[in-house]
Amino acid sequence: MRFKFSLMAIGLEVAMIVLFRLFAQYEVAQNTSRQLTATQPPKTDSFLRLYPLFQDVHVMIFVGFGFLMTFLKKYGFSSVGINLLIAALGLQWATIVRGLLHTRGQKFHIGIKEMINADFSTAAVLISFGAVLGKTSPIQMLLMTILEIAVFAANEFLVAEIFMASDIGASMTIHAFGAYFGLAVAGILYRSGLRQGHKNEESVYHSDLFAMIGTLFLWIFWPSFNSAIAEPGDDQYRAIVNTYFSLAACVITVYAVSSLVRQCGKLNMVHIQNATLAGGVAVGTCANMDIQPYVAMIIGSIAGLISVLGYKFLTPFFATTLRIHDTCGVHNLHGLPGVIGGLASIAAIAGGVSTTPTMAMQAAALGSSIGTAVVGGLVTGLILKIPFWEQPHDKYCYDDSVYWEVPRLREYEINIHEYEDQKQLEPQIQ
Amino acid sequence: MRFKFSLMAIGLEVAMIVLFRLFAQYEVAQNTSRQLTATQPPKTDSFLRLYPLFQDVHVMIFVGFGFLMTFLKKYGFSSVGINLLIAALGLQWATIVRGLLHTRGQKFHIGIKEMINADFSTAAVLISFGAVLGKTSPIQMLLMTILEIAVFAANEFLVAEIFMASDIGASMTIHAFGAYFGLAVAGILYRSGLRQGHKNEESVYHSDLFAMIGTLFLWIFWPSFNSAIAEPGDDQYRAIVNTYFSLAACVITVYAVSSLVRQCGKLNMVHIQNATLAGGVAVGTCANMDIQPYVAMIIGSIAGLISVLGYKFLTPFFATTLRIHDTCGVHNLHGLPGVIGGLASIAAIAGGVSTTPTMAMQAAALGSSIGTAVVGGLVTGLILKIPFWEQPHDKYCYDDSVYWEVPRLREYEINIHEYEDQKQLEPQIQ
Amino acid sequence: MRFKFSLMAIGLEVAMIVLFRLFAQYEVAQNTSRQLTATQPPKTDSFLRLYPLFQDVHVMIFVGFGFLMTFLKKYGFSSVGINLLIAALGLQWATIVRGLLHTRGQKFHIGIKEMINADFSTAAVLISFGAVLGKTSPIQMLLMTILEIAVFAANEFLVAEIFMASDIGASMTIHAFGAYFGLAVAGILYRSGLRQGHKNEESVYHSDLFAMIGTLFLWIFWPSFNSAIAEPGDDQYRAIVNTYFSLAACVITVYAVSSLVRQCGKLNMVHIQNATLAGGVAVGTCANMDIQPYVAMIIGSIAGLISVLGYKFLTPFFATTLRIHDTCGVHNLHGLPGVIGGLASIAAIAGGVSTTPTMAMQAAALGSSIGTAVVGGLVTGLILKIPFWEQPHDKYCYDDSVYWEVPRLREYEINIHEYEDQKQLEPQIQ
């Protein structure tokens, strides 16, 4: 993949720099606020006030998503490495696309909210990456990043500016969108040859522990994700509290159901790694609303329940009957809980907690997010299917060594070598 | 454990949701402050001001405690997974119990301090979990969470509201309490069959590195732990500075003593993983007092010294003579340093740094924390000993595979398989 | 190493405590501000405002640097453990040396900026540690910490107070300084016996993943590093934004070039782990200046390019021809990008973005940083070479087991044992 990948990456970075040269500039208020309006708090204050929440989200994107996907025994380099590549490209591109959309093609300013939203945008691509993990090349992921973020930004603009819907934790615009986009791509790229599974598509003990690093940082910082761009004050406060309790309730439900759906009653690491986060997704859309903590806990519990059942029953059904193979089960972690999030916001508005967005606006936002995701994903999948992007052969799926120099001696190889050295030494020792 | 565990977990979560429905509500001031008192800073400001400290504590609870216990070679899933389960249940239950105690059974409000204190409360249980790690079932841990947090909250109420003692970093109410509670439970659950040790009660190279993730995040964020609920201003400032330097001094002492107590002079990973944190525990009670940084460093050094000596001499003594087997050595990391913390605060008050709590109040707090812990732990241990809670057989202690689906192929199994594949291929290659 | 190391460590800690007793005190303003000037925001506000940035830097120092160096297959304990030791000693010593320098030997106060700068100072030593990783003893590292921080503080004082240069992200004073200091030490300690490489100087699959934990936390929090001590307002805002985009651009370039310089086009983990951070180093000096985001991206891209080329071509050249063996390649990650940072600031001033520091001041700062580093490193190297400090024999380089009790059964040993157990059982099973 030497030249194709390198030239595409360099070309994209040069394009980003040119576009930043043309359109991006520092926040104007920064340069003048203090002279002009000494009585008002300068925008900088707001910058540093939100900076810790931005950093929480930043950890989620790069450590959270990156390590969550390291569960595969031979695909850790790609999981955490291509996650970094996608996110680094995505945040630049999202800054440009969102900036141009919101200023209708004028120069735009970069503040803390733009940085948070740039990170958010990459989350949608990283979710889709989870659906096709192990079956695609780095070049395909560069392409998908560019295409998906463009569609994502368009849908986000539609939801926020045209439908005026509320989606503070982005259950619909990021999670449902990212999942259904990824499923559509995975459907197009379906490989009959892997229908019976693949010997590398499994975890080992320590790869599951690496994945828990991702899970925990996502879980811990999810309240920051759902509140980072909320209105200061009550909205932001409620978004934090509701997410905190929704996630806690979700954990208990997931453990209970994970044990229940197995005959032996044992806990399943896939459920713990993923479904425990469904509560954060599902409470996202109505996190800032006055729904009361116990309702957040009910939403979290339902999301956890649905998510485990999804892993147990839906993922195999998708892989075999629908011919959509979803490596990380993003449908169960982001898709279904994202839909629950949209429906919960409609129910909350029906229950009278808010009047500004109507039920129709929310329904339109949910429909739009899924619709544009599916259409965008299908088109993207067709483009990625062109046999020019170095897609790995079935045999080399879920294997880092196709695109990475993997250490000559993996641990097990050491073992054998040392074992044999030892064997030769043993007679002398004895 | 299929139905027992699942039903208990679901039952507990339903109970939490009902109790939240009845008693929990958003912070009132949030909803009205801005209309009523535009000149005063709204409570929200305080919320977001403390939120980064809350998130530091949150990382400590879920990543810090969780990974610290992954040192066992076959018990990583349980360490990090049951840690998550306990903490998620504990923070809900602690919110309720503490809320009801402080409002005398009325409706209570949830602000940032309540969330910090909920996280704090789970720390006591997680410390006790360390003492019984590998020898108990998830069902037993659900029970212990419910029982211990009730006792914890009662003692905390006694210390803070009745004795009016000062314990800003909770050396007594969390660390000493959690340790002695856990030791009492471990004493009751003592297994003669494991007196000679257990083949799984040891680390491997990479499990020790996973544990260092926990150690470092605990170490880094301990200044936030000791200052999160301190009075803004001087108190909070001093709590941070004193903890920062106490921990730094503790590290140097621990390395020196760890090397000194071994004949070959080699460093011991158990000491580095645990005793380096003793300085944060021991300076906790007087962290916000005007003790001067060099005194904090002396406290940290003493705690580090005592902690290493505890691991070297006390833990084996406890396990054999006292018939109390303390898996993680929580007595050395939390118990003794917690007592040092209480004594240091008495000495500091004797030295004149503070007059508000008297020496007697502090002594009462220390005595109460240890006393209620031991009594509560003994009763809890007796309840946990009822042979209904799926406690593992001696043979299956320290082994995830009893309660978890462990990957079919651990790394070493791969090795053998690949080794044999290779063996078969070799003649063809040559 | 039993007594030498222990006595030196204890001696140093006692000295620290005595020096803190004599010279360190709490921030004065803390104690009086609220009474005297109720209208002005007390210093405490500034304390908590910067505390999240301090904690980000704290994570970088202890988790970031610590885990970044765990890539060696048998040297993880030392990487993360001696990193902790150096940093814990270094932050105490740096507080003293910097305090005494800035007050000309008077008592000094400890505020949040002093804590941030103490952490910063240890970064210089940790960078040098990377150059000699695996080839030195813990005793040597204690000595190097004391010597290097003294030289570091002198150069920093020269740069900031005498030359009045600007180096907000410390590209010159920390990164270039630390790298060239380490290279000078490594040159003096050169071992001809290791010229052909060493069987332990390589990674295994999971040690590379541990190293990625370090990489990602460094990458994520670098904007905090470059902005932590910047002037509040525009300067701090720009330092964050510029670093954010410089790092993102650097990632894309590094992936492109890493694939390009290998014949097979595969990505190299060493480049991803290290060179992706070069953008943060190189933008450091001019991060707070009004250079525009696209210029930050150009600086990041150039740094990434140079860094990968350095790993590919310069590191082997240094190791063989110049007889300087740089274990972690700190020259490529910190040395060259640090120099680029200094040059970029000169170019930026030439371009008119700032007038306060002149080009000459910046050039003097760059020259001074490299010059004092080389001289200080040579002298330190000669002192470390004295055959009294328990330096490991060539054979035991890159091996934890010289200074650490390593778990009796590493994973590969288990494998063999279990393999043989299994072999014996097999006939019975069949």
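By convention in this document, chain letters (A, B, ...) are assigned in the order of the sequence lines, proteins followed by strands, and residues within each chain are numbered from 1. Only this structure's heavy atoms are used, side chains among them; waters, hydrogens and symmetry mates stay out.
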(request) Any chance you could lay out the side-chain contact (heavy atoms from CB on, under 4.5 Å) test for A:Glu27 and C:Asp234, step after step, and finish with the verdict? (result) CA-CA 9 Å; A:Glu27 193 129 82; C:Asp234 292 353; over 6 Å; no
Please determine, among [options], the option with the most heavy-atom pairs under 4.5 Å with chain A.
options: C:Val241, C:Asn268, C:Ile240; value: C:Ile240
options: C:Val295, C:Val270, C:Asn242; value: C:Asn242
options: C:Leu53, C:Leu247, C:Val257, C:Thr253; value: C:Leu53
options: C:Ile252, C:Leu216, C:Thr215; value: C:Ile252
options: C:Pro293, C:Ala296, C:Ser258, C:Ser301; value: C:Pro293

(message) Quick check on A:Phe23 against chain C: is it the side chain, the backbone, both or neither that has a heavy atom closer than 4.5 Å?
(response) neither
Just so I understand: if I count every heavy-atom pair under 4.5 Å between each of [options] and chain C, which residue has the most?
options: A:Val80, A:Leu142, A:Val59; value: A:Val59
options: A:Val14, A:Leu22, A:Val63, A:Leu19; value: A:Val63
options: A:Met8, A:Glu405, A:Glu114; value: A:Glu405
options: A:Ile61, A:Thr95, A:Thr70; value: A:Thr95

Which portion of [X] sits near chain A, non-hydrogen atoms under 4.5 angstrom:
X: C:Ile213; value: both
X: C:Leu305; value: neither
X: C:Ser224; value: both
X: C:Pro52; value: side chain

(request) Any chance you could lay out the side-chain contact (heavy atoms from CB on, under 4.5 Å) test for A:Phe77 and C:Met212, step after step, and finish with the verdict? (result) CA-CA 9 Å; A:Phe77 288 13; C:Met212 280 304 289; over 6 Å; no
Atom pair [atom1] ([X]) and [atom2] ([Y]), whose distance is rounded to the nearest 0.5 Å:
X: C:Ser259; Y: A:Ile139; atom1: OG; atom2: CD1; value: 8.0 Å
X: A:Leu48; Y: C:Arg49; atom1: CG; atom2: CZ; value: 5.5 Å
X: C:Gln292; Y: A:Ile110; atom1: CD; atom2: CD1; value: 8.5 Å

(message) Before you tell me yes or no, could you show the steps for C:Met297 and A:Arg21 under side-chain contact (heavy atoms from CB on, under 4.5 Å), namely the whole-Å CA-CA distance, both residues' side-chain angles and the distance that decides it to 0.1 Å?
(response) CA-CA 10 Å; C:Met297 292 159 76; A:Arg21 170 74 184 81; over 6 Å; no
So which heavy atom on [X] is nearest to which on [Y], and how close?
X: C:Met289; Y: A:Tyr26; answer: O-OH, 3.8 Å
X: A:Leu84; Y: C:Thr276; answer: CD2-CG2, 4.3 Å
X: C:Ala249; Y: A:Gln92; answer: N-NE2, 3.5 Å
X: C:Asp208; Y: A:Pro407; answer: OD2-CG, 3.4 Å
X: A:Leu85; Y: C:Val251; answer: CA-CG1, 4.2 Å
X: A:Phe47; Y: C:Tyr237; answer: CE1-CD1, 3.3 Å

(request) Inspect the surroundings of OH in A:Tyr396 and state if more than 12 heavy atoms from other residues, nucleotides or ligands are less than 6.0 Å away. (result) no
(request) For chain C, find its close neighbours in residues 115-123 of chain A: heavy-atom separation under 4.5 Å, sorted by number, or none. (result)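 Answer by number: A:Met115, A:Ala118, A:Asp119.
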(message) Check the orientation of A:Phe62 and C:Trp219. Use parallel for under 30°, tilted for 30 to 60°, and perpendicular for over 60°.
(response)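 Because their plane-to-plane angle lies in the 30° to 60° range, the rings of A:Phe62 and C:Trp219 count as tilted.
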(message) Classify the ring geometry of C:Tyr244 against A:His58: parallel below 30°, tilted from 30° to 60°, perpendicular beyond 60°.
(response)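 Tilted, since the angle between the ring planes falls between 30° and 60°.
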(request) Determine, stepwise, if the pair C:Lys266 / A:Tyr403 fulfils side-chain contact (heavy atoms from CB on, under 4.5 Å). (result) CA-CA 5 Å; C:Lys266 289 188 183 181; A:Tyr403 303 113; 5.9 Å; no
Are any of the side-chain heavy atoms of [X] and [Y] separated by less than 4.5 Å?
X: C:Tyr255; Y: A:Leu89; answer: no
X: A:Val18; Y: C:Tyr294; answer: no
X: A:Ile17; Y: C:Phe245; answer: no

